[in-house]
Amino acid sequence: MFDFGYLSYMKYIVITIDGPAGAGKTTVSRMLADRLSYKYIDTGALYRGIAFEAKSAGLAYDDDAGLETLCSALNMKFVRNENGTRLLSGQSDITDNIRTPEITMFTSAVSARPVVRKYLLDVQRNMGREKGVVFEGRDMGTVVFPDADVKFFLDASVRTRALRRYKELAHETGQTYKKVEEDLNQRDKNDSTRTMAPLKPAEDAVIINSTEHSAEEVVEFMLSHI
Ligand code: DC
């Protein structure tokens, strides 16, 4: 372990971590934010929140007018309480509703709509004003914070990523490994081939392949880079 005491003298910065589903972004981002005493923002949860609200309102993924009206009336925020970080939409805690396989696939479709991305662009940039934040997502380093001080792109083999998701989800959803891998491949394809803000590493991102590394090793590497 390195001694990172000197980081307390460092200026507060914006750190972005992008990458495909199951690459370990959430675990690593949380750990990195903890080590630096930074805030951590899971932007996928914001896209999931919109998808959940759209589904609840009976909207189709491509109903741009409906999505625009929905977004303009939304008030989502993260709060920390004894149950960890929770996502509120208005007064409702929707944290436990946004990770079902159905919402996951719907999110990938809804997040490709320019009206949705435009709405969240401002929301995310406002969250980054304070600095001292680790942002996790797909386009953090390319579109939302192109001037971020430090950018990482976290990847891993399809098998490793699908296995991680399978272990996380199987007991709750009963999905087979094959179905988890199919969904993951479909989502990778949607997220990286959409016209607006597709998933790709920023030119100045440090690319990390976590296939053979634990979350702790990845975080140590990130800290040494920072
Ligand atoms: O990180 P996640 O699996 O919770 O993200 C869910 C979906 O949201 C993902 O399939 C693509 C979309 N997303 C996005 O388009 N841009 C982001 N910055 C974060 C997520």
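Order of appearance sets the numbers: ligands from 1, and atoms from 1 within every ligand. Because only heavy atoms are used, hydrogens play no part in the values below, and waters and symmetry mates are left out as well, while side chains stay in.
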Distance filter under 4.0 Å to [X] heavy atoms, resulting ligand 1 atoms:
X: D139; value: 16 (N), 17 (C), 18 (N)
X: S111; value: 11 (C), 12 (C), 15 (O)
X: M140; value: 18 (N)
X: T107; value: 6 (C), 7 (C), 8 (O)
X: R194; value: 14 (C), 15 (O), 16 (N)

Legend entry - Option with minimal heavy-atom separation from atom 13 (N) of ligand 1, where the choices are R138, R48, Q186: R138
Legend entry - Heavy-atom proximity to atom 20 (C) of ligand 1, best of G44, P198, A51: G44
Inset, instruction - May I ask you to check whether S89 and S92 show a side-chain donor-acceptor distance below 3.5 Å? - result: no
Inset, instruction - Please determine, by modelled atom types, if R129 and N126 share a side-chain donor-acceptor pair under 3.5 angstrom. - result: yes
Inset, instruction - Check whether any side-chain heavy atom of S111 sits under 4.5 Å from a side-chain heavy atom of R194, and report yes or no. - result: yes
Inset, instruction - Count the heavy atoms of every other residue, nucleotide or ligand shown that sit under 6.0 Å from CZ of R159, and state whether that count exceeds 12. - result: no
Inset, instruction - For Y119, look at atom OH and say whether over 12 heavy atoms of other residues, nucleotides or ligands are found less than 6.0 Å away. - result: yes
Inset, instruction - Assign the ring pair Y177 / Y166 to parallel, tilted or perpendicular, where the plane angle (0 to 90°) is split at 30° and 60°. - result: perpendicular
For [atom], which protein heavy atom lies nearest, and how many Å away is it?
atom: atom 10 (O) of ligand 1; value: D191 OD2, 2.8 Å
atom: atom 19 (C) of ligand 1; value: T43 OG1, 3.5 Å
atom: atom 16 (N) of ligand 1; value: R117 NH2, 3.0 Å
atom: atom 6 (C) of ligand 1; value: R187 NH1, 3.6 Å

Legend entry - Reported CD1-to-CG distance for the pair I50 and L74, which is rounded to 0.5 angstrom: 6.0 Å
Inset, instruction - Output the distance between atom NE2 (H213) and atom CD (E220), rounded to the nearest 0.5 Å. - result: 13.0 Å
